[in-house]
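What follows is a set of notes on a single structure, which appears directly below.
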There are 2 protein chains.
Amino acid sequence: MFAEERRRRILNYINEHSRASVTELTSVFHVSEATVRRDLKELEEEGLLHRTHGGALAFQSVSFEPTFSEKRVHHAEEKQRIAAKALEWIHEEDTILLDSGTTTYQLAQRISSLRSLTVVTNSYQILRELEHTESLELVSTGGVVRRSTQSLVGPIAEKTLEMIKVDKVFLGTNALDLEAGLTTPNLYEAQVKKAMVQAASQVILLCDSSKINQTSFAKVVSLSDVDVWITDEEAPDDVVQQVSDAGVEVILV
Amino acid sequence: MFAEERRRRILNYINEHSRASVTELTSVFHVSEATVRRDLKELEEEGLLHRTHGGALAFQSVSFEPTFSEKRVHHAEEKQRIAAKALEWIHEEDTILLDSGTTTYQLAQRISSLRSLTVVTNSYQILRELEHTESLELVSTGGVVRRSTQSLVGPIAEKTLEMIKVDKVFLGTNALDLEAGLTTPNLYEAQVKKAMVQAASQVILLCDSSKINQTSFAKVVSLSDVDVWITDEEAPDDVVQQVSDAGVEVILV
DNA sequence: TCATATATAATCAAAATAAATCAAATTCAA
DNA sequence: TTGAATTTGATTTATTTTGATTATATATGA
């Protein structure tokens, strides 16, 4: 194995496990402690992980959650602009469904000014955010707590979504591809998202350009199931054109 | 666990619980008092928490809130004792249902030490309390947010409860009367509580003496539907006797 | 208020971890 | 093939972390 290859693998390993000790890495990669430390130092200098005494932590690590990860939202500005634009699709008396995710969370933070709105969500992060906004009727889908995305998933969430019909769903996704459609790393999340699309008259996708031409594990829906796609201007022209041709209203902000 | 990782986790723990004592932290993280103090000092210097004699407080105003309001809880000591006693009915591998309410909330605060437990609740206050306790499988019933009791009610919550079967339900109530049984001021709450009783093999009622011989608007269930009633020693003897005669195991703490 | 219990800070030694150094092994380029 | 550059692991030295100990400070209740 090449040195550089090993460094990539170490990074992968740490991202997958959230953390790793030097000793652990020496036995996994069959190299000396000195080498592991050199690798970790390199990776830290590249800003790809966080070195600690005894090993290293991934940036997405749970231990970092409150302090670091919040500040490290990728493409935060694009997401803010997308969320701000999405607000235009929300009107008084609407019943809307908010998916879990960073962009939809930012949208949630902005809707507290609106009145007579019914908000249904499977994100307990959003629930907490809107808990005190008394002008809203707030509904939780229920379900099993999935901590990594702060969402509620599983049969309970799906059953609830079968019971309701909403005007609009604001959907997030991890990956968007012309052929694969919307995909996400977790099967349970995918199921819930699918149920959300079923429950909504209009599907509004909030997805920044960094997720374009990516595919993940579990299929949510096809692009043709989306009515409106709000993204940022970095989105490649050809993708925008093709999605547009497929009948989706594409909004660039 | 790395030192830095532990410090982040301590911060999480304190934010989650609003406060923590040094002794508490030593037993949770299995390190000496000296280490805990050093960690707290570091975190204080970073401006992430507020150090006090004996422990530390979270900064977040939301976390301060419950601490203060907790002090205004009526019969707080009795409720604490009742919650502590109720813990004896919870075992590993159990699936339990926690009703919303102050006493059940205090019970929730105590179960973070237990492992391999599945907790279902209609209280989003409890959900938030247990959100970070990774040893628990945590399930929300979903439903419409009812802010005054920080609970989820309505058909969604009821439907979810129809879908599940649990070992034990820990039920709170606003009023207890020999003839009227358990009653509560809100019809939706009553419906959900009724569904909870249906879903549970064993019904454990947590109700301090101040609620005895009171009736409220909406009927939940009869006293005979209760299996165990944990209350404080101020409970009138005659009531205890009669409830006991009705086949309920009455525990005085 | 004072006595008592409890909590903290300071100090130190042991253990764990990291950094520095250097020589051997490997790769690369002419 | 040769020699320079790079990579690696062993060794030594330095640093960090930790818990025990003890003296000091702070809270609490009679």
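Below, chains carry the letters A, B, ... as their sequence lines are ordered, and counting in each starts from 1. Keep in mind it's a predicted model, so treat the numbers as computed, not measured.
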Gap between atoms CZ and P, on A:Arg51 and C:dT17 respectively (whole Å): 11 Å
Could you check which of C:dT8, C:dT17, D:dT18 has an atom nearest any side-chain atom of B:Arg37? C:dT8
C:dT17 C1' sits how many Å from A:Glu24 CD, rounded? 16 Å
OP1 or OP2 of C:dT8 versus the side-chain N and O atoms of B:Arg38: is any pair under 4.0 Å? no
Expressed as a whole number of angstroms, how long is the span from A:Arg6:CZ to C:dT26:P? 15 Å
Pair A:Glu134 + B:Arg147: basic N to acidic O under 4.0 Å: no
Starting from C1' on C:dA19, measure out to CD on A:Glu44 and report it in whole angstrom. 14 Å
Spacing between B:Phe2 atom CZ and C:dA15 atom C1', to the nearest angstrom: 17 Å
Would you classify B:Ser21 as touching base, sugar-phosphate or nothing, given that sugar-phosphate means primed atoms plus P, OP1 and OP2, and contacts are heavy atoms under 4.0 Å? nothing
If only side-chain N and O atoms of A:Thr35 are considered, is one of them under 4.0 Å from the OP1 or OP2 phosphate oxygen of D:dG9? yes
Would you check if B:Lys193 and B:Val221 make a side-chain contact, meaning some heavy-atom pair closer than 4.5 Å? no
If you only use heavy atoms from C-beta on, which nucleotide in D:dT17, D:dG19, D:dT8 is closest to the side chain of B:Val31? D:dG19
B:His53 has a side chain; which of D:dT8, D:dT26, C:dA18 sits nearest to it? D:dT26
Side chain proximity check, B:Ile251 to B:Lys85, heavy atoms < 4.5 angstrom: yes
Within a reach of under 6.0 Å around CG of B:Asp245, are more than 12 heavy atoms found that belong to other residues, nucleotides or ligands? yes
Report yes if at least one side-chain N or O of A:Ser32 is closer than 4.0 Å to OP1 or OP2 of D:dT8; otherwise report no. no
A:Leu40 atom CG is separated from D:dT8 atom P, nearest whole Å, by 13 Å
In whole angstrom, what separates B:Glu33's CD from C:dA5's C1'? 14 Å
Salt bridge B:Arg9-B:Glu5, side-chain N to carboxylate O under 4.0 Å: yes
Toward the 5' end of DNA chain C, which comes first, B:Gly55 or A:Ala34, by nearest nucleotide? B:Gly55
To the nearest Å, how far apart are B:Lys41 NZ and D:dT17 C1'? 15 Å
